[in-house]
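Okay, so here's the structure we're looking at.
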There are 2 protein chains.
Amino acid sequence: MTPAQFFKCLSDDTRLRCITLLHKEGRLCVCELTAALALSQPKISRHLASLRQCGLLQDSREGQWVYYRINPELPAWTWPLLQNALAAVESTGHFKNDQVRLQQMDARPDTPLCC
Amino acid sequence: MTPAQFFKCLSDDTRLRCITLLHKEGRLCVCELTAALALSQPKISRHLASLRQCGLLQDSREGQWVYYRINPELPAWTWPLLQNALAAVESTGHFKNDQVRLQQMDARPDTPLCC
DNA sequence: TTAAAGTATACGGAAAAGCATATATTTATG
DNA sequence: CATAAATATATGCTTTTCCGTATACTTTAA
């Protein structure tokens, strides 16, 4: 992944909101992101697929659900950028209303409540 | 400027190369950038205009030449991102061959040698 | 084995981005 | 004033991005 490609990943609000929530929550399935951002499932799925294809995200299927997380093996130079990107989102107040629907502790990870 | 817009500015190689050189040199005119990157003048001019319009760059005409610099009044949240972006470019070795043609000290700023 | 939930992808269209080329504009200079 | 240099913009085109909708795939559960 080149720096320009990395920035392109972050250059769209939907992708940036997904990444922000994934960083906050650790991992989320598609339906949780769809519910949290109030966007259509194919839209979320397409953006997640593009982020996976460029190496920013990892996915793992668990039964019915596909969980996404930030790829822990990203190149070293991306980490400070990612940190500052999230800090920038935080400091500008963008997406401050985005939040994953609260889950009952004993409901995860088997059954996301959102679906 | 939103974070996503900021990242879009950095998501193109030509723009990233311009920003990298401008950060290194402080300020450069269009013909210096055109020569340093070996790209067409309209292409450079268009990218610089887009970066100026979104607030990332400032321009100032000095006689025949228009000098661009990184806008010193960028919002605070952009600075660490910019720093890390340049560090990323450096560490990945991209654009490592880009350099402004050396100027004789007494030739600047009146007459860029490149033109 | 059928149905339903969760997810991915195909398709078609709209909008934006990016480019090469040509031309206009501004400034300096003879 | 005419010309040349530096820069900006217009034009037409191709490519990419983004989206909504429809549909296919996968897994679970009845």
Side-chain angles (χ1 to χ4, degrees), chain A residues 2 4-5 7-18 22 27-54 57-69 100-101 103 107-115, chain B residues 2 4-18 22 27-54 56-69 100-101 103 107-115:
Chain A
T2 70
Q5 285 167 342
F7 293 125
K8 186 161 293 187
C9 289
L10 306 185
S11 71
D12 174 272
D13 268 356
T14 300
R15 289 192 292 270
L16 209 43
R17 293 168 78 191
C18 287
L22 286 172
R27 64 170 206 166
L28 292 168
C29 65
V30 179
C31 64
E32 287 172 317
L33 283 165
T34 299
L37 304 182
L39 295 172
S40 77
Q41 177 266 318
K43 178 167 175 171
I44 295 291
S45 224
R46 262 184 289 113
H47 281 294
L48 292 176
S50 78
L51 291 173
R52 173 173 37 79
Q53 281 160 22
C54 79
L57 299 184
Q58 267 187 353
D59 66 342
S60 61
R61 177 177 281 273
E62 299 190 10
Q64 213 166 0
W65 297 282
V66 176
Y67 283 88
Y68 282 86
R69 81 183 66 230
V100 178
R101 191 184 309 192
Q103 310 280 331
R108 291 196 65 182
D110 286 347
T111 55
L113 288 187
C114 61
C115 311
Chain B
T2 70
Q5 286 167 341
F6 177 79
F7 292 123
K8 184 161 294 186
C9 290
L10 306 184
S11 72
D12 174 272
D13 269 356
T14 300
R15 290 193 292 270
L16 208 45
R17 292 168 78 192
C18 288
L22 286 172
R27 63 170 206 167
L28 293 168
C29 65
V30 179
C31 64
E32 288 173 315
L33 283 166
T34 299
L37 303 183
L39 296 172
S40 77
Q41 178 266 320
K43 178 167 175 170
I44 296 291
S45 223
R46 259 183 296 109
H47 281 294
L48 291 176
S50 78
L51 290 173
R52 174 173 36 79
Q53 281 159 23
C54 78
L56 204 67
L57 299 184
Q58 266 186 354
D59 66 342
S60 61
R61 178 177 281 274
E62 298 189 12
Q64 215 166 356
W65 298 283
V66 175
Y67 283 90
Y68 283 85
R69 82 183 68 231
V100 177
R101 192 183 311 193
Q103 310 282 331
R108 294 195 64 183
D110 286 348
T111 55
L113 288 186
C114 62
C115 311

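Protein chains get the first letters and strands the later ones, always in sequence-line order, with residue 1 at the start of each.
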Show each protein N/O and nucleotides 19-25 of chain C N/O combination with a separation under 3.5 Å, one pair to a line.
unit_1	atom_1	unit_2	atom_2	d
C/dC19	OP1	B/Lys43	NZ	2.7
C/dC19	OP2	B/His47	NE2	2.7

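- Separating the CD atom of B/Glu32 from the P atom of D/dA5 is a distance of 17 Å, rounded to the nearest angstrom.
- Between B/Lys8 and A/Gln64, the residue whose closest nucleotide on DNA chain C is further toward the 5' end is A/Gln64.
- Distance CG (B/Leu28) to P (D/dA6): 15 Å, rounded to an integer number of Å.
- When the P atom of C/dT9 is taken as reference, atom CD1 of A/Ile44 falls 15 Å away, rounded to whole Å.
- Put simply, CG on A/Leu48 is 13 Å from C1' on C/dG6, counting in whole angstrom units.
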Worked check of side-chain contact (heavy atoms from CB on, under 4.5 Å) between A/Leu10 and B/Phe6: CA-CA 9 Å; A/Leu10 306 185; B/Phe6 177 79; over 6 Å; no
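- With hydrogens and angles ignored, the 3.5 Å screen pairs no side-chain donor or acceptor of A/Ser45 with any backbone N or O of A/Pro42.
- Rounded to whole angstrom, the span from the CZ atom of B/Phe7 across to the P atom of C/dA17 amounts to 17 Å.
- Of the two residues contacting DNA chain D, namely A/Ser11 and B/Ala49, the nearest-nucleotide position lying further toward the 5' end is that of B/Ala49.
- Between A/Arg27 and A/Glu32 there is no salt bridge, since none of the side-chain N atoms of the basic residue sits less than 4.0 Å from a carboxylate O of the acidic one.
- In this structure, CH2 of A/Trp65 is placed 9 Å from P of D/dT28, rounded to the nearest angstrom.
- Between B/Tyr68 and the phosphate of D/dA6, there is no side-chain N or O to OP1/OP2 separation shorter than 4.0 Å.
- In the set C/dG18, D/dT9, C/dT7, C/dG18 carries the atom at the smallest distance from any side-chain atom of B/Arg15.
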Stepwise, does the side-chain contact (heavy atoms from CB on, under 4.5 Å) test hold for A/Thr14 with A/Lys43? CA-CA 9 Å; A/Thr14 300; A/Lys43 178 167 175 171; 3.5 Å; yes
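- Atom-to-atom, CG of B/Leu57 to C1' of D/dT7 comes out at 15 Å; the value is rounded to the nearest Å.
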Run the side-chain contact (heavy atoms from CB on, under 4.5 Å) check on A/Leu37 and A/Cys18 step by step: do they pass? CA-CA 8 Å; A/Leu37 304 182; A/Cys18 287; 3.8 Å; yes
Run the side-chain contact (heavy atoms from CB on, under 4.5 Å) check on B/Arg52 and B/Tyr68 step by step: do they pass? CA-CA 9 Å; B/Arg52 174 173 36 79; B/Tyr68 283 85; 3.7 Å; yes
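- Side-chain contact between B/Leu51 and B/Arg15 is present, with heavy atoms from C-beta onward closer than 4.5 Å.
- Rounded to a whole Å, the CD atom of A/Gln5 is 10 Å from the P atom of D/dT17.
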